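Here the structure is a predicted model, which means the values were calculated and not measured. The chains referred to below are lettered A, B, ... by the order of the sequence lines, with proteins before strands, and numbering in each begins at 1.
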2 protein chains.
Amino acid sequence: MKRNKRERQALLTETIKENPFITDEELADKFTVSVQTIRLDRLELSIPELRERIKNVAEKNFEDEVRSLPLEEVIGEIIDMDLDNSAISILDIKKEHVFKRNQIARGHHLFAQANSLAVAVINDELALTAKANIRFTRSVLEGERVVAKAKVISIDEEKGRTLVEVTSFVNSEIVFKGDFEMYRSHA
Amino acid sequence: MKRNKRERQALLTETIKENPFITDEELADKFTVSVQTIRLDRLELSIPELRERIKNVAEKNFEDEVRSLPLEEVIGEIIDMDLDNSAISILDIKKEHVFKRNQIARGHHLFAQANSLAVAVINDELALTAKANIRFTRSVLEGERVVAKAKVISIDEEKGRTLVEVTSFVNSEIVFKGDFEMYRSHA
DNA sequence: CTACTATTAGTACCTAGTCTTAATAGCTTG
DNA sequence: CAAGCTATTAAGACTAGGTACTAATAGTAG
């Protein structure tokens, strides 16, 4: 069970990534080396100490949680957000998103990106999709980057409905367009 | 600005709840009392120390993160299939499908099930979604089983378009309905 | 005046580290 | 074979942000 340095450090990175709550002592036990070796490894790998790691995990979503925004639950990465107005997210199409036969992205991934963005842009605890009208105008291939832009068109406070238009692009070429009628609990 | 004990402790609870990342020293400053007083207050109010608080926030986030799994390839399990005619699939709504706030299934999972089924029912190597018009008529909760039924309405061989209607139920109650216009290469 | 509450102070100790210096073992290379 | 290098381990001083405990002080109520 003797691992060399390289091997141990690779495993260490993996272990900490999977469980950031592990102490140096527990790691030393696990790899049957001294605590000092673990600390040296962390230093070389630029892995912060337990408390910093925990703090990072805690801070990551705290803001969102207070705002009750399901930002973490959005498909794709949000790069701009102006609540109740507009939002932009990007999604890189990888192997797991495409049909094996032809490397074309499955429609529901584009829909998921657009739909979750429409949910996120609404400044409300409870936003749900009521209706949607969508068009796929060009197939997206593996390796392409889809930029989705959501725009809030209108807010009907009486009916509790909000209209959101989402347009997705690959290199300024429209690949998807959807009109979402969203339900909100507290408009 | 002199607050009494009761008042200060109420404010303290509020402050820490809003920002668990604050140290006793910062709190002492804020309430212009000594650090010891803050610690006595926390003791009386059973508020754990900074590190414990951070750890709690981190643990909460960590759990959520793991369970927010992305979309797989084919959504739902196909239990009946009559190519170019009709198909049925089921999807059990689990933790990873719902908003953590309210346990309501996220729209894109219902869409994904319907869309996958619409693609699968078409007897062609290459079937893609061109347009879709969808309605979510009832929210689906964690633990419920969604049965999606697809029916091919028309096949336009010239245009290479096929219309598929998908209706999803939970216990014979309609929860989702979608009209899919599918593109096929070799009709 | 005494009793009690609230506040403050001080000390020892803890965890999970950092940072630094130093020692040792096992190779390799001239 | 000695010198140099890498990897590992150890030891000591220091840190943040505390806990747990004892003790002192101020102000108020009976």
*Below 4.0 angstrom, N of the basic side chain to O of the carboxylate: do B:Glu144 and B:Arg138 qualify?*
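Counted as a salt bridge, because a side-chain N and a carboxylate O are separated by less than 4.0 Å.
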*Does B:Asp179 pair with B:Arg135 as a salt bridge, N-O distance under 4.0 Å?*
yes
*What do the steps show when you test B:Tyr183 against A:Phe136 for ring-ring contact (aromatic ring centres under 6.0 Å, His included), and what is the final call?*
CA-CA 10 Å; B:Tyr183 167 81; A:Phe136 296 89; over 10 Å; no
*asked:* Checking B:Glu77 now: which residues fulfil side-chain hydrogen bond (donor to acceptor under 3.5 Å, both in side chains) with it, not counting sequence neighbours?
replied: none
_Using every non-hydrogen atom in the two residues, find where A:Ala127 and A:Val119 come nearest and quote the distance to one decimal._
O-CG1, 3.9 Å
*Work out which heavy atom in B:His108 is nearest to a heavy atom in A:Phe111; give both atom names and the distance.*
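In terms of heavy atoms, the two residues are closest at CA-CE2, 3.6 Å.
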Any idea which of [options] is nearest the [X] side chain?
| X | options | value |
| --- | --- | --- |
| A:Arg8 | C:dT8, D:dG17, D:dT8 | D:dT8 |
| A:Thr37 | C:dT7, C:dG17, D:dT8 | D:dT8 |
| B:Leu43 | D:dT9, D:dA20, C:dA16 | D:dA20 |
| B:Lys5 | D:dG17, C:dT7, C:dT18 | C:dT7 |
| B:Leu50 | C:dG17, D:dA11, D:dG17 | D:dG17 |

Send over the distance from [X] [atom1] to [N] [atom2], rounded to a whole Å.
| X | N | atom1 | atom2 | answer |
| --- | --- | --- | --- | --- |
| B:Arg39 | D:dA20 | CZ | P | 12 Å |
| A:Leu40 | C:dT24 | CG | C1' | 15 Å |
| A:Glu44 | D:dT9 | CD | C1' | 14 Å |
| A:Ile54 | D:dA16 | CD1 | P | 19 Å |
| A:Lys55 | C:dG17 | NZ | P | 15 Å |
| B:Gln9 | C:dT5 | CD | C1' | 13 Å |
| A:Ile38 | D:dA7 | CD1 | C1' | 13 Å |

*Between atom CD of A:Glu49 and atom CG of A:Leu43, what is the distance when rounded to the nearest 0.5 Å?*
12.0 Å
Using a 4.0 Å heavy-atom cut-off, does [X] contact any base of the nucleic acid, only the sugar-phosphate backbone, or nothing at all?
| X | answer |
| --- | --- |
| A:Glu49 | sugar-phosphate |
| A:Arg6 | nothing |
| A:Arg42 | sugar-phosphate |

*asked:* Checking side-chain contact (heavy atoms from CB on, under 4.5 Å) between A:Ile104 and each of A:Val140, A:Leu141, A:Val98, A:Ile93, which is the one that passes?
replied: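 Of all the options given, the one that passes is A:Leu141.
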*Axis-to-axis angle across the helix from C:dC1-D:dG30 to C:dG30-D:dC1, five pairs an end, to 10 degrees?*
20°
_Go nucleotide by nucleotide along DNA chain D from the 5' end; which of B:Pro48 and A:Gln36 gets its closest nucleotide reached first?_
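It is A:Gln36, whose closest nucleotide lies nearer the 5' terminus.
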*Starting at the 5' end of DNA chain D, which residue's closest nucleotide do you reach first, A:Arg51 or A:Val35?*
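It is A:Val35, whose closest nucleotide lies nearer the 5' terminus.
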*Distance test, side-chain N/O of B:Ser34 to OP1/OP2 of C:dT8, below 4.0 Å*: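 Checking C:dT8 against B:Ser34, a side-chain N or O does come within under 4.0 Å of OP1 or OP2.
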*Donor-acceptor contact present, side-chain A:Arg106 to main-chain A:Phe99, <3.5 Å*: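 It does not hold such a pair.
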_Distance under 6.0 Å and angle within 45° of ring axis: B:Lys149 vs B:Phe169_ =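 Yes, a cation-pi geometry holds between B:Lys149 and B:Phe169.
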*Tell me which residues in residues 19-30 of chain B put a heavy atom below 4.0 Å from DNA chain D, sorted by number, or none.*
B:Thr23, B:Asp24
